[in-house]
**Student:** 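Pasting a structure below so you can have a look.
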Amino acid sequence: MRTKIVKIDEFHMDQEAIREAGEILRSGGLVAFPTETVYGLGANGLNEEAAAKIYAAKGRPSDNPLILHITCMEELRPLAAEISPRAEALAEAFWPGPMTMIFKKTDLVPHTTTGGLDTVAVRMPSHPVARALIRAAGVPIAAPSANTSGRPSPTKAAHVIEDMDGRIDMIVDGGEVGIGLESTIIDVSEGTPSVLRPGYITMEKLRKVIGTVTVDQASLGQMAPGVRPKAPGMKYRHYAPRAEMTLFRGSEKASVRAIRKALAEAAAEGKKAGVICTEESFDCYEAPVKKCVGSRKDPEMIAHNLYDVLRAFDGEGVDCIFSESFDDNPLSGAIMNRLVKAAGHRIVECQE
Ligand code: TXA
Ligand code: MG
């Protein structure tokens, strides 16, 4: 399949290109597009065949459900069997934006889209290109992150092209996304709302709007045997660069020291090692490859750069990657959740 790549500037949208992408989506094709979180791989979410194509293009297990993307509350009502007052309050506070809510689904939503579940994930993105595309398609758009299953999510069109060129109908290049981490997922389908995947909308912000919010323990990566995460996608290895990655936790000083030691050991074994560090620690390392995710003073920048840095290691031919941790900021829940998974839970606790 030849993949058509079109550039769309969010400030001067090419209406003809939007119309064409909408038509492809409506008629069952696949279009990748920018959202404010990461690039999504879109298909008509009410069409089983179209949704099935997403799983095939990503190599995604069919039990891992998709998020439906909408543009306004009127589009939510036909999809969700019940919308609680707390869900209304969350929508009011954070939509359009980087939050996904889980509802009991209606019969309109096919089980192919929900990975066989009786609940459905819905998000109302704020990115103007995403919104224009959904409107042009005239249907809810099922869209997972537009990466090959297991790889870091795409934050720019070049990442989508790496993974999806030749596998989908169209890639809409809207430049770099703003946030760089996927949406916060909160289950409002029953009882106390529960966060299934941490994201840009923090627990603190959610609690300010609806009071008590719990966290699905499995989403923290502390999975006891037999405990299944409520978001099926959270059980898979994810966001992972090709080289084996180890995450060093502890104070900045202790982890820098431990990483320096690991680098020396890797060099002695003839291994090419890479480091994920910050502006503050960059000069502390002698390493074949060093990638800076930004300054510790700017967690939003760290979130924004993380996936690009993880992907960039794949082109460097490194054997192993050592990463610092980012535990001390409002976005650390979201950032560390992704890093722990990228490291396949290989974590070194660093002592002072
Ligand atoms: O920011 C985002 O959410 C991006 C952009 C494109 O919108 N999308 C995204 O989709 O991250 P994806 O497919 O990569 O991740 C969706 C997650 C998976 O972990 C999946 O298991 C979970 O949402 N999920 C979807 N429907 C669910 C449901 N009904 N119940 C529980 N978890 C669900
Ligand atoms: Mg994903």
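All ligand and atom numbering here is 1-based and tracks the order in the structure.
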**Student:** Which is it for Met101 and ligand 1 at heavy atoms under 4.0 Å: side chain, backbone, both or neither?
**Tutor:**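 Under 4.0 Å from ligand 1, Met101 contributes no heavy atoms.
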**Student:** Please check if any side-chain donor atom of Asn147 sits under 3.5 Å from a side-chain acceptor atom of His159, or the reverse.
**Tutor:** no
**Student:** So, Thr106 and Arg77: side-chain donor and acceptor under 3.5 Å apart, yes or no?
**Tutor:**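 Looking only at side-chain atoms, Arg77 and Thr106 do not form any donor-acceptor pair under 3.5 Å.
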**Student:** Check whether any side-chain heavy atom of Ile259 sits under 4.5 Å from a side-chain heavy atom of Glu324, and report yes or no.
**Tutor:** yes
**Student:** Check whether any side-chain N or O of Lys53 sits under 3.5 Å from a backbone N or O of Gly28 as a donor-acceptor pair, and report yes or no.
**Tutor:** yes
**Student:** Which ILVMFWY residues can you reach from Met1 by hopping between side chains whose heavy atoms are under 4.5 Å apart?
**Tutor:**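 Hydrophobic cluster check, Met1: no partners found.
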**Student:** Which atoms of ligand 1 sit under 4.0 Å from any heavy atom of Ile185?
**Tutor:** 17 (C), 22 (C), 23 (O)
**Student:** Please, which pairs that meet ring pair (Phe, Tyr, Trp, His ring centres under 6.0 Å) have at least one residue in residues 247-285, sequence neighbours excluded?
**Tutor:** Phe248-Phe322
**Student:** Would you tell me which option among Pro144, Pro34, Gly199, Pro65 has the nearest heavy-atom contact to atom 25 (C) of ligand 1?
**Tutor:** Pro65
**Student:** Just by distance, no angles: are the side chains of Thr202 and Glu204 close enough, under 3.5 Å, to form a donor-acceptor pair?
**Tutor:**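 Result is no, nothing qualifies.
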**Student:** Identify, for atom 28 (C) of ligand 1, the protein heavy atom at the shortest distance, and state residue, atom and that distance.
**Tutor:**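 Here the closest protein heavy atom is Ile102 CD1, 3.5 Å.
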**Student:** Could you tell me the residue and atom name of the protein heavy atom closest to atom 19 (O) of ligand 1, and the distance to it rounded to 0.1 Å?
**Tutor:** Gly233 CA, 3.3 Å
**Student:** Do Thr155 and Glu176 meet the criterion of a side-chain donor-acceptor pair at a distance under 3.5 Å?
**Tutor:**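 Side-chain D/A pair, Thr155 to Glu176: absent.
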**Student:** Through direct or indirect side-chain contacts below 4.5 angstrom among Ile, Leu, Val, Met, Phe, Trp and Tyr, which residues connect to Leu133?
**Tutor:**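 Val6, Ile8, Met13, Ile18, Ile24, Leu25, Val31, Phe33, Val129, Ile134, Val139, Ile141, Met170, Val172, which link up through side-chain heavy atoms under 4.5 Å apart, make up the rest of the cluster.
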**Student:** Please report which non-hydrogen protein atom sits nearest to atom 6 (C) of ligand 1, along with the residue it belongs to and the distance in Å to one decimal place.
**Tutor:**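 Of every protein heavy atom, Gly40 CA, 3.5 Å lies nearest to atom 6 (C) of ligand 1.
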**Student:** Could you pull out the closest heavy-atom pair between Met73 and Met124, with the gap in Å?
**Tutor:** N-CE, 3.6 Å
**Student:** Test your reading of the model: is there a side-chain donor-acceptor pair from Ser281 to the backbone of Cys284, 3.5 Å cut-off?
**Tutor:** no
**Student:** Please confirm whether Thr37 comes within less than 3.5 Å of ligand 1 when only nitrogen or oxygen atoms on both sides are compared.
**Tutor:** yes
**Student:** If we only count N/O pairs under 3.5 Å, is Ser183 in contact with ligand 1?
**Tutor:** yes
**Student:** Under a 4.0 angstrom heavy-atom cut-off, which atoms of ligand 1 come close to Thr119?
**Tutor:** 28 (C), 29 (N), 30 (N)
**Student:** Please determine, by modelled atom types, if Glu352 and Ser251 share a side-chain donor-acceptor pair under 3.5 angstrom.
**Tutor:**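 Yes, Ser251 and Glu352 have a side-chain donor paired with an acceptor closer than 3.5 Å.
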**Student:** For ligand 1, does Asp187 get within less than 4.0 Å through its side chain, its backbone, both, or neither, judged by non-hydrogen atoms?
**Tutor:**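 Asp187 to ligand 1: no contact under 4.0 Å from either part.
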**Student:** Please round to the nearest 0.5 Å and tell me the distance separating atom CD of Glu349 and atom CG of Leu247.
**Tutor:** 8.5 Å
**Student:** Is the closest side-chain donor-acceptor distance between Ser183 and Thr37 under 3.5 Å?
**Tutor:** no
**Student:** Indicate, as side chain, backbone, both or neither, the part of Leu196 found under 4.0 angstrom from ligand 1 when only non-hydrogen atoms are considered.
**Tutor:** side chain
**Student:** Please report whether ligand 1 has a polar contact with Thr35, defined as an N or O pair separated by less than 3.5 Å (distance criterion only).
**Tutor:**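 Checking ligand 1 against Thr35, no N or O pair falls under 3.5 Å apart.
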**Student:** Before signing off on this row, confirm whether Arg197 and ligand 1 have an N or O atom pair separated by under 3.5 Å.
**Tutor:**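 The answer is yes, given that Arg197 and ligand 1 share an N or O pair closer than 3.5 Å.
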**Student:** Identify whether NZ of Lys or CZ of Arg in Lys156 sits under 6.0 Å from the centre of the six-membered ring of Tyr307 and within 45° of that ring's axis.
**Tutor:** no
**Student:** Do Thr148 and Arg167 meet the criterion of a side-chain donor-acceptor pair at a distance under 3.5 Å?
**Tutor:** no
**Student:** Taking only heavy atoms of Leu117, which atoms of ligand 1 are found under 4.0 Å from at least one of them?
**Tutor:** 28 (C), 29 (N), 30 (N)
**Student:** Of the choices Asp216, Val38, Thr184, which has the non-hydrogen atom that lies closest to atom 4 (C) of ligand 1?
**Tutor:**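 When every heavy atom of Asp216, Val38, Thr184 is considered, Val38 comes closest to atom 4 (C) of ligand 1.
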**Student:** Suppose the cut-off is 2.8 Å; which protein N/O/S atoms would you list for the Mg ion (ligand 2)?
**Tutor:** Ser145 OG
**Student:** Which residue supplies the protein heavy atom nearest to atom 9 (C) of ligand 1, what is that atom called, and how far is it?
**Tutor:**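 Answer, as residue, atom name and distance: Ser145 N, 3.7 Å.
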**Student:** Could you tell me if Arg338 and Ser153 have a donor-acceptor pair between their side chains, going purely by distance under 3.5 Å?
**Tutor:** no
**Student:** Got the closest protein heavy atom to atom 7 (O) of ligand 1, with its distance?
**Tutor:** His69 NE2, 2.7 Å
**Student:** Side chain, backbone, both or neither: which part of Ala231 comes within less than 4.0 Å of ligand 1 when only heavy atoms are counted?
**Tutor:** both
**Student:** Does Lys230 approach ligand 1 within less than 4.0 angstrom via side chain, backbone, both or neither, non-hydrogen atoms only?
**Tutor:** backbone
**Student:** Give the single entry among Ala143, Ser149, Ser189 that approaches atom 8 (N) of ligand 1 most closely by any heavy atom.
**Tutor:** Ala143
**Student:** What part of Ile67 sits under 4.0 Å from ligand 1 if we count only heavy atoms: the side chain, the backbone, both or neither?
**Tutor:** side chain
**Student:** Counting each atom of ligand 1 from 1 as listed, which ones have a heavy atom of Asn64 under 4.0 Å away?
**Tutor:** 18 (C), 20 (C), 21 (O)
**Student:** Minimum distance, heavy atoms only, to atom 13 (O) of ligand 1: which one of Glu182, Lys58, Arg60 is it?
**Tutor:**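 Closest candidate by heavy-atom distance is Arg60.
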